[in-house]
Amino acid sequence: MPIKIYNSLTRKKEEFVPISDGRVLMYVCGPTVYALSHIGHARSAVAFDVISRYLRYRGYQVKYARNYTDVDDKIIAAADKEGVTSEELAERYIKAFDEDMAGLGVAVPEIRPKATETIVKIIEVTKALIAKGAAYPSGGDVFYSVRRKADYGKLSGKKIDELESGARIEVNEAKADPLDFALWKAGKPGEPSWESPWGKGRPGWHIECSAMCMEHLGESIDIHGGGKDLIFPHHENEIAQSESATGRTPYVRYWLHNGFVNIEREKMSKSIGNILNIRDVLRDHTGEAVRLFLLGSHYRNPIDYSRESLKEAETSLGRFYKTIQRIEDEAPGVRDIEVCASCNEERFMPVIEAMDDDFNAAGVIGTVFSEVTRANRMMDEAASAGKVPSAVELSNSIALFKETAKFLGIFGRTPSEYFAEVKALSSVDAKEVERLIAERNEARRTKDWKRADEIRVGLLEKGVALEDTPKGTIWGVKG
RNA sequence: GGCGGCGUACCCAAGUGGUUAAGGGAGCAGUCUGCAAAACUGCCAUUCAGCGGUUCGAAUCCGCUCGCCGCCUCCA
């Protein structure tokens, strides 16, 4: 069965057929590094992380590039404001972005080009565009001539005449047409600039992605991803540049766009002041819980971030790892059994079907939790029958979890790792908790229920939940 | 105004032509427990915003209406 992908260009789900058999060329727009990255960047990165992992899982040889746009008006402005160079500022935020991605468990794409390292190619593409009459120099700038491309607007569904000279487009008398956009900008004193046939200057927005993509992947690629907001003008312009420069159509076979993250039902924006940075979220939530939250809705749909929704993800993850812990306790060794998905095809099929259908990770998560219930039920039934649970059955559950973890990037740790991280993130004093548990157990031993309950309630108020099990009292952090 | 999308239970959210409409959270009841918690079981949408149409058959396709949202300007 082929993988089906919703293609923004055709606005349809299509069978995925790569340019060359078994290989995938994939480019995703990374951040413009002028500030800390926010939860929206996290969504995009996690979505395409899962997509690239899944394509590999399905046997494709994937070449995945995600760029850093490290020269740009906003970077220059932010650097000026701080009195540092744009290189310094960009480097700082590249490092911060990488740290945030690591915190979210996002695999590092094998190619991570920077705009500033691709200047030669940018100039080459710009020259080619001028040579073909698709662009023109004007002063020290170079502009792309939008009206020269017959199918301009095909991605965003816009018609040039409707975009018209307008109201909301910056007037610039250097442009032949108000809709034309800059490929190259003449350098101003104090700004980063490079030598070019048009004098010193720097690349405009859009051209860097075309150039980086061409340089590292090729003139025609399989998948190009990014946030929905990039459809226009960024990706539209990328198509125009690339196709005009190379004469090859299509530049990209499948355009994928992820939906937005809203904050408490509001759009996240600078003006509302509700930008949620990844590192702020990771201060008191595990990366895995954030990932589960992000993957809980289909990547194209908008999602709403709230304290509640993240707490739900945490509760679910706790349930998952508690079950894994239980399997380890009741069937030691099962976790390490060498398992293969094909031993277990019937059960695993829904997972593959969901992922094949436009990477429906949310559907997969549903299957995982059905399996959690199934495993628990099995163990309950075995226990009440006074039997040992079936190691084969449990290893099938573990197999499903392990396989899923490979591309979802969640459900893959050991319970002790997970719970240790949760405890470390909380402000709970473990030593104190252990002491109180000992005190409570002493009270329980002497049947001093009043004191025992008092301690339990007191701990619960501090966010510590106790469970008395046959093997002793265990505790966990509750949101 | 143009373009695109969405509307599934108390909340979140899969399902996009054909079995009893996944899963999670919350709630209620039960088993278990000193009591809890956890886990499990049962209950919780005869119905998918509304109205028409196509079809043997629709939450799924088409049309209209209502409501919400995004893009058209820097933005993941």
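As the structure is a computational prediction, the values presented were derived from the model and not from experiment. All chains are named by letter (A, B, ...) in the order of the sequence lines, taking the proteins before the strands, and each is independently numbered beginning at 1.
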Pull out every protein N or O sitting under 3.5 Å from an N or O of nucleotides 2-12 of chain B, one pair per line with the distance.
from, atom 1, to, atom 2, distance (Å)
B/G2, O2', A/Glu162, OE1, 2.9
B/G2, N2, A/Lys158, NZ, 3.1
B/C3, O2', A/Ser156, O, 3.1

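Remark: A/Ser242 engages A/Ser210 in a side chain to side chain donor-acceptor pair (under 3.5 Å) (not counting sequence neighbours).
Counting non-hydrogen atoms under 4.0 angstrom, A/Phe260 reaches a base of the nucleic acid. Contacts of A/Met379 with the nucleic acid, taken as non-hydrogen atoms under 4.0 Å apart, are absent. Across all strands, A/Gly227 comes closer than 4.0 Å only to sugar-phosphate atoms, never to a base (heavy-atom distances). Within the 4.0 angstrom heavy-atom criterion, no nucleotide atom of any strand lies near A/Val368. In this structure, A/Thr323 reaches neither bases nor backbone, as no heavy-atom distance under 4.0 Å exists between it and the strands shown. Residue A/Arg66 is classed as having no contact, given no heavy-atom separation below 4.0 Å to the nucleic acid. Looking at heavy-atom distances under 4.0 Å, A/Ile474 makes no contact with the nucleic acid at all. Across all strands shown, A/Leu466 has heavy atoms under 4.0 Å from base atoms, whether or not it also approaches the sugar-phosphate. Backbone-only engagement by A/His298 is indicated by non-hydrogen atom pairs under 4.0 Å involving sugar-phosphate atoms exclusively. At the heavy-atom level, A/Gly476 lies nowhere under 4.0 Å from the strands shown.
The separation of B/C61 from B/A14, taken at their P atoms, amounts to 16 Å, rounded to a whole angstrom. Atom name P, nucleotides B/G23 and B/A9: the rounded distance is 16 Å, in whole Å. The P atoms of B/A26 and B/C74 are separated by 44 Å, rounded to the nearest whole Å. Distance noted for atom P between B/A58 and B/U19: 11 Å (whole Å). B/A39 and B/C51 have their P atoms separated by 40 Å, given to the nearest Å. Taking atom C1' on both B/C11 and B/G17, the two are 30 Å apart, rounded to the nearest angstrom. Distance noted for atom P between B/G4 and B/G57: 31 Å (whole Å). Taking atom P on both nucleotides, B/G24 is separated from B/C35 by 27 Å, rounded to a whole Å.
On a pure distance criterion of 3.5 Å, a polar donor-acceptor pair joins the side chain of A/Arg456 and the base of B/A36. One donor-acceptor pair, N or O on each side, does fall under 3.5 Å between the base of B/C35 and the side chain of A/Asp468.
In this structure, A/Leu460 atom CG and B/C35 atom C1' are separated by 14 Å, rounded to whole Å. The distance between atom CZ of A/Phe181 and atom C1' of B/U73, rounded to the nearest whole Å, is 15 Å. In this structure, CD of A/Gln325 is placed 14 Å from C1' of B/A39, rounded to the nearest angstrom. Rounded to a whole Å, the NZ atom of A/Lys322 is 8 Å from the C1' atom of B/A37. At whole-Å resolution of the value, CZ in A/Phe320 and P in B/G23 are 17 Å apart. Rounding to whole angstrom units, CG of residue A/Leu400 and C1' of B/G23 are separated by 13 Å. Between A/Glu371 atom CD and B/G24 atom C1' the separation is 16 Å, expressed in whole Å. Protein atom CZ of A/Arg374 is 14 Å distant from nucleotide atom C1' of B/G23, rounded to whole Å.
A/Asp356 CG to A/Tyr54 OH: the interatomic distance, rounded to the nearest 0.5 Å, is 3.5 Å.
Applying the 4.0 Å criterion to OP1 and OP2 of B/U41, one finds that A/Arg377 has a side-chain N or O inside that range. Between A/Arg319 and B/A39 there is a side-chain polar atom (N or O) within less than 4.0 angstrom of OP1 or OP2. The side chain of A/Asn360 places an N or O atom within less than 4.0 Å of a non-bridging phosphate oxygen (OP1 or OP2) of B/G15.
Ring pair A/Tyr305/A/Phe293: centre-to-centre distance below 6.0 Å. Between A/Tyr418 and A/Phe320, the gap from one ring centroid to the other reaches at least 6.0 Å.
Between A/Asp358 and the choices A/Lys13, A/His298, A/Lys4, the side-chain hydrogen bond (donor to acceptor under 3.5 Å, both in side chains) rule is met once, by A/His298.
Ion pair A/Asp453/A/Arg456 flagged as a salt bridge, since at least one NZ, NE, NH1 or NH2 atom sits closer than 4.0 Å to an Asp/Glu carboxylate oxygen. Salt bridge status for A/Arg435 with A/Glu439: present, with a side-chain N to carboxylate O gap under 4.0 Å.
Cation-pi check for A/Lys74 over A/Tyr34 is met; the charged atom lies under 6.0 angstrom from the ring centroid and within 45 degrees of its normal. Cation-pi contact between A/Arg300 and A/Tyr6: present, with separation from the ring centre below 6.0 Å and deviation from the ring axis of at most 45°.
For the pair A/Glu381 and A/Thr367, both in contact range of RNA chain B, the more 5′-proximal nearest nucleotide belongs to A/Thr367. Comparing A/Pro31 and A/Thr469 against RNA chain B, the residue whose closest nucleotide sits nearer the 5' end is A/Thr469.
Which of B/C71, B/A36, B/A39 sits closest to the side chain of A/Asn376 comes down to B/A39. Of all nucleotides listed (B/A76, B/A39, B/U16), B/U16 comes nearest to the side chain of A/Asp357. The side chain of A/Lys267 lies closest to B/C71, out of B/C35, B/C71, B/A14. Picking from B/A38, B/G34, B/A76 the nucleotide with the shortest atom distance to the side chain of A/Asp453 gives B/G34.
Relative ring orientation between A/His41 and A/Phe97 is described as perpendicular, the plane-to-plane angle rising above 60° on a 0-90° scale split at 30° and 60°. Using bins of under 30°, 30° to 60° and over 60° for the plane-to-plane angle, the ring pair A/Phe232/A/Tyr152 lands in the perpendicular bin.
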Practice problem: Give the dot-bracket string for RNA chain B, reading 5' to 3', where a pair is Watson-Crick or G-U wobble with both distances under 3.5 Å, ( ) marks pairs inside the strand, [ ] marks pairs crossing earlier ones, | marks a partner on another strand, and . marks unpaired. | Solution: ((((((((.[[[..)..(....]]].(((((.......))))).....[[[[[..)....]]]]])))))))....
Practice problem: Please test A/Trp475 against A/Lys423 for side chain to side chain contact (heavy atoms under 4.5 Å, CB included), starting from the C-alpha separation and ending with a verdict. | Solution: CA-CA 10 Å; A/Trp475 66 279; A/Lys423 284 175 186 175; 3.5 Å; yes
Practice problem: Before giving the answer on side chain to side chain donor-acceptor pair (under 3.5 Å), spell out for A/Ser306 and A/Asp304 the whole-Å C-alpha distance, their side-chain angles and the decisive distance to 0.1 Å. | Solution: CA-CA 6 Å; A/Ser306 66; A/Asp304 191 54; 4.9 Å; no
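A stacking contact links A/Trp449 to B/G34: the aromatic ring centre lies within less than 5.5 Å of the base's six-membered ring centre, and the planes differ by less than 30°.
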